[in-house]
Amino acid sequence: MPNFTPNHVVTAASSFSKWQLARQHPGKYALTVERGNWLTRYVSDEPGVAMAEVWRHHLKETAPNHWCLIDRHSDAVFFIQVRDDVVRQAKLLSFDELDALTLKMSDAVYLTSAIDALDERWSPFAIQSVAALTQKEWQGYTLKKSRAPEILAGGGALLMVLIAALWLTRTQDAPVKAVAPVVDDYQSYRQTMSQAISASKGAEQALHLAALAQSAPLGWALNALTLQGEQLTARLKCDEDGSLSDARHWGETLAPVDAALTPQSLTLSLPLTQKLKAWSAQMSPFEASDSLLDTLTQLGWRISDTKESPSTLIKTLSFTLKKDAMTLAELATFEALAEVYPLSLTTLQMTPRGAGAYHATLHLTYTGENQ
């Protein structure tokens, strides 16, 4: 029985020749396809068919630029991802291993008749049903048996041996680059969002520290509240009425906030552990950043240092927000607004201005889909 799920690797054609790719990924049966700027190779130790290429050809005329297909394979699924007419992924997975972000960002997710399209797990995605393939469509995508160099018998045998030896020596001396398979278009995005500090949660914790500082003992007042790496720090200064014993006793009641006391200052520290992991499985359209900026402007924030950085799949907007007399109520409003956007926080600084107001500076990044 043919193997319909041979091992699959795809890499840039500018980096490797077909021969180099075959040398890195040998097999008894193989098929290498060059399409556009990509080389795709399918390898198996038994006869097989590059079924991912068959589906690509089958859907080429009707499918959008970016699509996925899911077919049942025993107790697992055969998953295919195609972008720009190149098969980016072709592998066996369990249902639980299917990547939600890849499915959500696909223009179409095709399900074969072996998959129950009415299952609720498919409801968030752009599902389409697709008819089964015919055996005739396999033609042209059957894996070919690899052929080892053969030395001809007869009077020219010695000459052929010498030629083969020279060829092997020259090719073995040629450097072979390491193959960097392209298997996950969204890996970088997921990693970025899982490590980015949530602007909403950062504002929430800053609000918490600022409120704590307002309850400090007599003679201790907030000097500055800043974000340093992934830690919020509030530094309180001691004036002539301040008591070290009062500050020490008060600091001991603030867990989980860490309090460090010196004769001149009391430092409160709070780690920011909340990241944008919730956005790792979804994307917001970049254009939604327009409404975010409009709302911030209406709320009295000054926006500066804006910079857009586009890539193939995502686009980021970094910018700075400032207010000369921000109240804690206004910080709470910002917290609620930021919660619905993929907005990360890299810099925060608050300095008291008197009467419950603060000079505030925040540096933020919005990350969305580059449509």
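What you are looking at is a predicted structure, and each value in this text was computed from that prediction instead of being measured.
Panel note: side chain W122, backbone D116; a donor-acceptor pair is recorded below 3.5 Å. Side chain of S265 to main chain of L261: no donor-acceptor pair is present (N/O by atom type, distance under 3.5 Å, no hydrogens or angles). Under the 3.5 Å distance criterion, the side-chain polar atoms of R41 are left unmatched by any main-chain donor or acceptor of L31. Of the possible donor and acceptor atoms, one in the side chain of N370 sits under 3.5 Å from a partner among the backbone N and O of S311. Between the side chain of H8 and the backbone N or O of A50, no donor-acceptor pair lies under 3.5 Å. Under the 3.5 Å distance criterion, the side-chain polar atoms of Q191 are left unmatched by any main-chain donor or acceptor of S188. T346 contributes a side-chain N or O that, together with a main-chain N or O of H363, makes up a donor-acceptor pair within less than 3.5 Å. Under the 3.5 Å distance criterion, the side-chain polar atoms of T327 are matched with a main-chain donor or acceptor of E330. For R353 (side chain) and D324 (main-chain N/O), a donor-acceptor pair under 3.5 Å exists by modelled atom type.
Residues Y29 and S146 are not in side-chain contact: their nearest non-hydrogen atoms beyond the backbone lie 4.5 Å or more apart. Looking at R88 and T40, their side chains never come closer than 4.5 Å, going by heavy atoms from C-beta outward. Residues Y110 and L59 are in side-chain contact: their nearest non-hydrogen atoms beyond the backbone lie under 4.5 Å apart. Side-chain contact between Y189 and T192 is absent, with no heavy atoms from C-beta onward closer than 4.5 Å. In this structure, M350 and L331 have side chains that are in contact, with non-hydrogen atoms separated by less than 4.5 Å. No side-chain heavy atom of D45 sits less than 4.5 Å from a side-chain heavy atom of N3. Between K18 and L39, some side-chain heavy-atom pair lies under the 4.5 Å cut-off. Taking 4.5 Å as the limit, some side-chain heavy atom of I197 sits within range of a side-chain heavy atom of E230.
Here the shortest heavy-atom pairing between L268 and A259 reads CD2-CB, 3.8 Å. Across every non-hydrogen atom of S106 and C68, the tightest pair is OG-SG, 3.0 Å. Residues L222 and P352 come closest through the heavy atom pair O-CG, 3.2 Å. Smallest separation of non-hydrogen atoms from L343 and A338: CD2-CB, 4.0 Å. The minimum heavy-atom distance between V43 and P26, with the atom names listed, is CG1-O, 3.2 Å. The minimum heavy-atom distance linking A332 with L207 is given by the pair CB-CD2, 3.9 Å.
No salt bridge links K28 with E46; every basic N to acidic carboxylate O contact stays at or beyond 4.0 Å. A salt bridge does not link R35 with D84: every distance from a Lys NZ or Arg NE/NH1/NH2 to an Asp or Glu carboxylate oxygen is 4.0 Å or more. One finds no salt bridge joining K104 and E369 here, because no Lys/Arg side-chain nitrogen approaches an Asp/Glu carboxylate oxygen to under 4.0 Å.
With 3.5 Å as the limit, one finds no donor-acceptor pair spanning the side chains of S198 and S200. Donor-acceptor pairing under 3.5 Å is lacking for the side chains of Y186 and S280.
Open room surrounds CZ on R248; 12 or fewer heavy atoms of other groups in view lie less than 6.0 Å from it. In this structure, Q274 places its CD atom where more than 12 heavy-atom neighbours from other residues, nucleotides or ligands lie under 6.0 Å away. Applying the 6.0 Å contact sphere to CG of D75 captures no more than 12 heavy atoms from other residues, nucleotides or ligands.
Clustering ILVMFWY residues whenever any of their side-chain heavy atoms sit less than 4.5 angstrom apart, transitively, puts V82 in a cluster other than the one holding I115. Linking ILVMFWY side-chain heavy atoms closer than 4.5 Å, directly or via other members, places M283 and W279 in a single hydrophobic cluster. A continuous path of hydrophobic side-chain contacts links L212 to L328 [ILVMFWY only; heavy atoms under 4.5 Å]. By the criterion of side-chain heavy atoms lying less than 4.5 angstrom apart, applied directly or through intervening Ile, Leu, Val, Met, Phe, Trp or Tyr residues, L236 is grouped together with L209 in one hydrophobic cluster. Residues M105 and L111 do not share a hydrophobic cluster, defined by chaining ILVMFWY side chains whose heavy atoms lie under 4.5 Å apart.
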Original post:
Please walk me through it: do H208 and L270 pass side chain to side chain contact (heavy atoms under 4.5 Å, CB included)?
Top reply: CA-CA 10 Å; H208 177 59; L270 190 62; 4.1 Å; yes
Original post:
Please walk me through it: do R56 and I80 pass side chain to side chain contact (heavy atoms under 4.5 Å, CB included)?
Top reply: CA-CA 9 Å; R56 183 208 59 79; I80 304 169; over 6 Å; no
**OP:** Start with the C-alpha distance between S318 and Y366, add both sets of side-chain angles, then the distance that settles side chain to side chain donor-acceptor pair (under 3.5 Å), and finish with yes or no.
**Re:** CA-CA 6 Å; S318 60; Y366 179 97; over 6 Å; no
Subject >> Trace of the ring pair (Phe, Tyr, Trp, His ring centres under 6.0 Å) decision for W55 with Y141 >> reply: CA-CA 10 Å; W55 279 114; Y141 297 104; over 10 Å; no
**OP:** Evaluate side chain to side chain donor-acceptor pair (under 3.5 Å) for E137 paired with H57, printing each intermediate quantity in order.
**Re:** CA-CA 9 Å; E137 292 179 280; H57 181 80; over 6 Å; no
**OP:** Report the C-alpha separation of Q81 and H66 in whole Å, then their side-chain angles, then the decisive distance to 0.1 Å, and conclude whether the side chain to side chain donor-acceptor pair (under 3.5 Å) test is met.
**Re:** CA-CA 8 Å; Q81 181 196 15; H66 182 197; 3.0 Å; yes
Original post:
Step by step, would you call I303 with L293 a side chain to side chain contact (heavy atoms under 4.5 Å, CB included)?
Top reply: CA-CA 8 Å; I303 301 173; L293 296 185; 3.9 Å; yes
Original post:
side chain to side chain contact (heavy atoms under 4.5 Å, CB included) between L317 and F286: does it pass, once the steps are laid out?
Top reply: CA-CA 9 Å; L317 172 69; F286 181 79; 3.8 Å; yes
**OP:** Show the numbers, then the answer: is there a side chain to side chain donor-acceptor pair (under 3.5 Å) between T5 and Y42?
**Re:** CA-CA 9 Å; T5 59; Y42 300 87; over 6 Å; no
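Residues satisfying the side chain to side chain donor-acceptor pair (under 3.5 Å) criterion with Y358, sequence neighbours excluded, are Q214. Remark: D258 engages no residue in a salt bridge (Lys or Arg N to Asp or Glu O under 4.0 Å) (not counting sequence neighbours).
Going from atom OG1 of T295 over to atom CG of L337 covers 5.5 Å, rounded to the nearest 0.5 Å. If you take CD on Q139 and OG1 on T134, they are separated by 8.5 Å, rounding to the nearest 0.5 Å. Atom CD of Q89 sits about 13.0 Å away from atom CG of L69, to the nearest 0.5 Å. Rounded to the nearest 0.5 angstrom, S289 OG and L364 CG are separated by 12.5 Å. Rounded to the nearest 0.5 Å, atoms CD (Q195) and CZ (R190) are 13.0 Å apart. One finds the CG atom of L345 at 11.5 Å from the CD atom of Q205 (value rounded to the nearest 0.5 Å).
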